[in-house]
Amino acid sequence: MTSPTHDHAPVPMTSAPVSKLNGIITVPGDKSISHRSLILGTVADGQTKITGLLEADDVMATAKAMQALGANIRKVSDTWLVDGIGNGALLAPSAPLDFGNAGTGSRLTMGLVAGYDFPVTFIGDASLSSRPMGRVLNPLRESGVQVESAGEEDRDLLPLTVHGAPLPIPMTYRVPVASAQVKSAVLLAGLNIAGTTTVIEPIMTRDHTEKMLAGFGANISIKTDEDGTRHISLVGQGDLQAQDITVPADPSSASFAIVAGLIVEGSDITINNVMLNPTRTGLFDTLLEMGADLTIANRRNSGGEEIGNIRVRHSKLKGVTVPASRAPSMIDEYPVLAVAAAFAEGETHMLGLHELRVKECDRLTVTVEGLKANGVTCTEGQEDLLVIGGAVKGGGHVATHLDHRIAMAFLVMGTAAENPVSVDDTFMINTSFREFAPLMSELGAKLT
Ligand code: S3P
């Protein structure tokens, strides 16, 4: 079984400087919520109806995986229907689950199947096959999961097979890295384990899994210590009820147009219906500190999340220090923040970036290489990045290493640099934001 992200022909693209960006756009649905809607819909009783689902490769890989585990998933008009099979009722898939490039889909599904006494094999593309899975498998092993891997050196790399225990044991797990994927995998495993599974989260990460589990009727409770440590407890083997879900627009996708609007002179753009969950909005806080003319109108609630319309106008940004404590709320936004920082006056120092090294590529090194290729002065530390802002020469060719966000960030750079910026491959943008090039072009970007 292959996925479109395996062995594709590269699709290079160049972004040329433009005089202004203008317009009102809507970006597609949030990737994190889309994965979770399909997963929870699968183990709920009844039919879950999802509108605004992100129809990108990563999420479609999760949809296929959920079908292989027994759900009936289809799109009727603009609504995705998931006929759930009920909690505890997953079927053993007859073939490996191919997650392509999708870290979230694969890791959450490893958790989902960990409470089942059958083997599930996970495969993915070259990027996913080099990403650490031990962070998810180690806690799952505490419940009795056996892992078989072909890898000789690191046994926790894809391809691998997860086999839950006949009588899995509930876990109490203190998450050692700030990772919503690890938290979510453990909680999803707990769904089919008798007893109470508890995740202790010292540093809060995106909270979609716990909010949505509660929305589906799971027996879940959260206690927060004075120091902010969260104890999330789930009583396993309860029933989940199908839900109607409206997926809000993805703030991580919105961030590319937002930064482009800030760095291109004369720009004025609005992105509608963007999710404003505070565990996701660290980039917006940072841009405001940098002096961005960024305003949010029509804040309202939609399906349990706050959303709003974000308007940005070209701004003279200044460098700031971005504290390590903010990293979890903007973990996917550092490549595009680095681009904003390159155009800002003075130094921007980003701290606490160790997790960037295990994303779709080593995003810290690859961002630095892209900045340097375009004449930006910057210094890469083990866990930090210092960018000296000013005029950006551009003219560079950026190697994207199968990373959609690297491709989009440097195409954004090209809109305002002195010379066009090229990226070696835009194919991976399909994993999260197929509409990126058409929407940016609609605003006035020159992408060829
Ligand atoms: C995600 C969590 C984050 C993020 C990823 C989506 C999620 O990963 O980078 O794009 O939906 O849970 P980590 O949990 O590894 O930080």
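By convention here, the first residue in the shown sequence is residue 1. Start at 1 and go down the list; that is how both ligands and their atoms are numbered.
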Between [X] and ligand 1, is there a nitrogen or oxygen pair with a distance under 3.5 Å?
X: S179; value: yes
X: R405; value: no
X: A180; value: yes
X: S32; value: yes

Numbering the atoms of ligand 1 from 1, which are under 4.0 Å from a heavy atom of T104? 1 (C), 5 (C), 6 (C), 7 (C), 11 (O)
I'd like to check which ligand 1 atoms, numbered from 1 as shown, lie under 4.0 Å from a non-hydrogen atom of D332. 4 (C), 5 (C), 9 (O), 10 (O)
When rounded to the nearest 0.5 angstrom, what is the spacing between CG in D30 and CG in N273? 13.0 Å
Would you mind checking if K183 and D207 are paired as a salt bridge, meaning a charged N to carboxylate O distance below 4.0 Å?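 No, no charged N to carboxylate O under 4.0 Å.
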Would you call R280-D332 a salt bridge at under 4.0 Å N-O?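 Salt bridge absent between R280 and D332.
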Contacts of R135 that satisfy side chain to side chain donor-acceptor pair (under 3.5 Å) - sequence neighbours left out: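 Per chain and number, R135 pairs via side chain to side chain donor-acceptor pair (under 3.5 Å) with E355.
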Taking heavy atoms and a distance under 4.0 Å, where does R36 meet ligand 1: side chain, backbone, both or neither? side chain
Under a 4.0 Å heavy-atom limit, does K359 contact ligand 1 with its side chain, its backbone, both, or neither?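 Contact part for K359 vs ligand 1: side chain (C-beta onward).
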Check whether more than 12 heavy atoms from other residues, nucleotides or ligands sit under 6.0 Å from atom CD of Q47, and answer yes or no.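 Enclosed.
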Give a yes or no on this: more than 12 heavy atoms of other residues, nucleotides or ligands lie within 6.0 Å of atom CD of Q146.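 Atom CD in Q146 is not packed in, count stays at 12 or less.
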Is it true that K183 lies under 4.0 Å from ligand 1, counting heavy atoms only?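 The answer is no, since K183 has no heavy atom less than 4.0 Å from ligand 1.
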Parallel, tilted or perpendicular: rings of F433 and F256 (30°, 60°): tilted
